[in-house]
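Order of listing sets the numbers, starting from 1, for every ligand and every atom in it.
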Amino acid sequence: MIYYHRTIATTIDSYAAQRLLQSSSHYSDSRCFVPSYLELVKSWYGIDKRHTTTREDTFFYGSPGTLAAYAEQAAIALQNARLAHLLAEEKRRVEAILEHSADGIMSVDSRRLVLSFNSTMEKLTGYSRHEVLGKECFRILQLRGRGGERLCVSQCPVLMSDTESGSTFEQQGIIRTKDGQYVNVNMVYSIIRSPEGKPINAVVNVRDISEAVQLENLRETFLSMLGHELQTPLTIIKGYASTLARTDSNWNEETLRNSLKVIESETDHLCRVVDRLLLASRMSAGTPVLRKEPVQLPVLAKKVVRRLQAMTDAHTFELDFDSDFPSVPVDPALIEEVLANLVENAIKYSPDGGKITISGRLANSQVMVTVTDEGIGIPAGQIEHLFKRFSRVDKGLARTIRGVGLGLYICKSIVEAHGGKIEVYSQPSKGSQFTFSLPFEPQG
Ligand code: ADP
């Protein structure tokens, strides 16, 4: 009997069953199997008194070889169970990784029918996996190039590629979500081929690159704005300065004065552009540190008007603050910047002149300051974008007026840093009203 047990133990041991018995929860299935197998063997050998009759005779006396073979089979089964368990475990692990990947991942077959679709793909496209499994991926994603060309039709790597072109392909484009939104994506295709080189499956990794595309657009806008807003005044300054410096001409006093005025005004413009750029970069670096103190906004508004009315002869200015308008705790330099931007815009964007009113009201624990003009107004579709960096109305008269598209972005950042908000109401050809509100707690 000892011999048989040793045989069993040796055989099982040779397949690492001992390790399985000792190991922890990883092998819980195998561990269940081994004791039950040993129990069975013990029962056949009469160790378990409930099974000591014919079976014991048969195996004990008659079939030692059968027992050894049985032990070997059991060990193989054990090994298979272990491998199947590891395989299932590995499959679960890979599925969990794919499912929780920050990138969208889907797989398709050679006919481009969707085989799998992870949760990021669901979020990205708005489709649930139940809606897309078994459907053609090109009907779901409708990938297009930036110029609108249908890439799923003209450049799908699953259809177009062959063994020579490789197995990994990258493509950028725009997909259409279930609710009709457009998302910029980068797609990486890994194509699995048969030995004959035909595509069997493709795993497609889809990454939302909207932010990167926006940054790229911002960079291009910034460069073209710099080109225009810096180069134009520099060219004018250079032109006037070289003309005045010519030794072969005598300029009369009036020409000299007018030329110097142009140089001065273009230099002022350059300074304003650079100031805006610096302030905008300070705002986008994070919420500015506020040096708050109680400020009389009507007094601040008067100061701004006095400074800016030198820019124009065509406008009249009116201040209309409630008589009991309180002093408000704000950063005076930054709120002056907001008022100056709004009043300067009111002047710039009403080229035919008119009245510009700055009014102030106290209502519901907040103060509201409004700058109203009678200028060109803003088309409705453009309003929501105006507070973004470098955003400008590029239609009609507005595009002929110089600007860098940073003033309103700066205003919004400053007002929000104070816990307030800024809004605009405008009618094309009739004028605009910019209102910023700041929280205010009356004392006592
Ligand atoms: P900039 O004036 O330098 O272009 P802003 O950020 O101050 O930049 O303004 C963004 C855009 O909003 C302007 O280009 C203009 O089209 C529009 N805008 C701003 N204020 C007014 C206004 N009072 N009336 C009409 N359009 C305005």
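Taking the ring-ring contact (aromatic ring centres under 6.0 Å, His included) definition, one finds that Phe390 meets it with Phe222, sequence neighbours left out. The salt bridge (Lys or Arg N to Asp or Glu O under 4.0 Å) search around Lys303 returns Glu336, not counting sequence neighbours. Applying the ring-ring contact (aromatic ring centres under 6.0 Å, His included) rule to Tyr349 yields no partners; only residues at least two apart in sequence or on another chain are considered.
In terms of modelled atom types and a separation under 3.5 Å, the side chain of Asp331 and the main chain of Ala333 share a donor-acceptor contact.
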Report all N/O contacts between ligand 1 and the protein shorter than 3.5 Å as a table of atom names and distances to 0.1 Å; if there are none, say 'none'.
| from | atom 1 | to | atom 2 | distance (Å) |
| --- | --- | --- | --- | --- |
| ligand 1 | 2 (O) | Asn345 | OD1 | 3.4 |
| ligand 1 | 2 (O) | Lys348 | NZ | 3.0 |
| ligand 1 | 2 (O) | Tyr349 | OH | 2.7 |
| ligand 1 | 3 (O) | Val404 | N | 2.8 |
| ligand 1 | 3 (O) | Gly405 | N | 3.1 |
| ligand 1 | 4 (O) | Tyr349 | OH | 3.3 |
| ligand 1 | 4 (O) | Arg392 | NE | 2.4 |
| ligand 1 | 4 (O) | Arg392 | NH2 | 3.2 |
| ligand 1 | 4 (O) | Gly405 | N | 3.2 |
| ligand 1 | 6 (O) | Gly407 | N | 3.1 |
| ligand 1 | 6 (O) | Leu408 | N | 2.8 |
| ligand 1 | 7 (O) | Asn345 | OD1 | 3.4 |
| ligand 1 | 7 (O) | Asn345 | ND2 | 2.8 |
| ligand 1 | 7 (O) | Leu408 | N | 3.4 |
| ligand 1 | 8 (O) | Gly405 | N | 3.2 |
| ligand 1 | 14 (O) | Tyr349 | OH | 3.2 |
| ligand 1 | 14 (O) | Arg392 | NE | 3.2 |
| ligand 1 | 16 (O) | Val393 | N | 3.2 |
| ligand 1 | 20 (N) | Asn345 | ND2 | 3.4 |
| ligand 1 | 23 (N) | Asp373 | OD2 | 2.9 |
| ligand 1 | 24 (N) | Ser432 | OG | 3.4 |

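A side-chain donor-acceptor contact under 3.5 Å links Glu170 and Asn186.
Each of Val132, Ile175, Thr120 was compared with Thr125 under the side-chain contact (heavy atoms from CB on, under 4.5 Å) criterion, and only Ile175 meets it.
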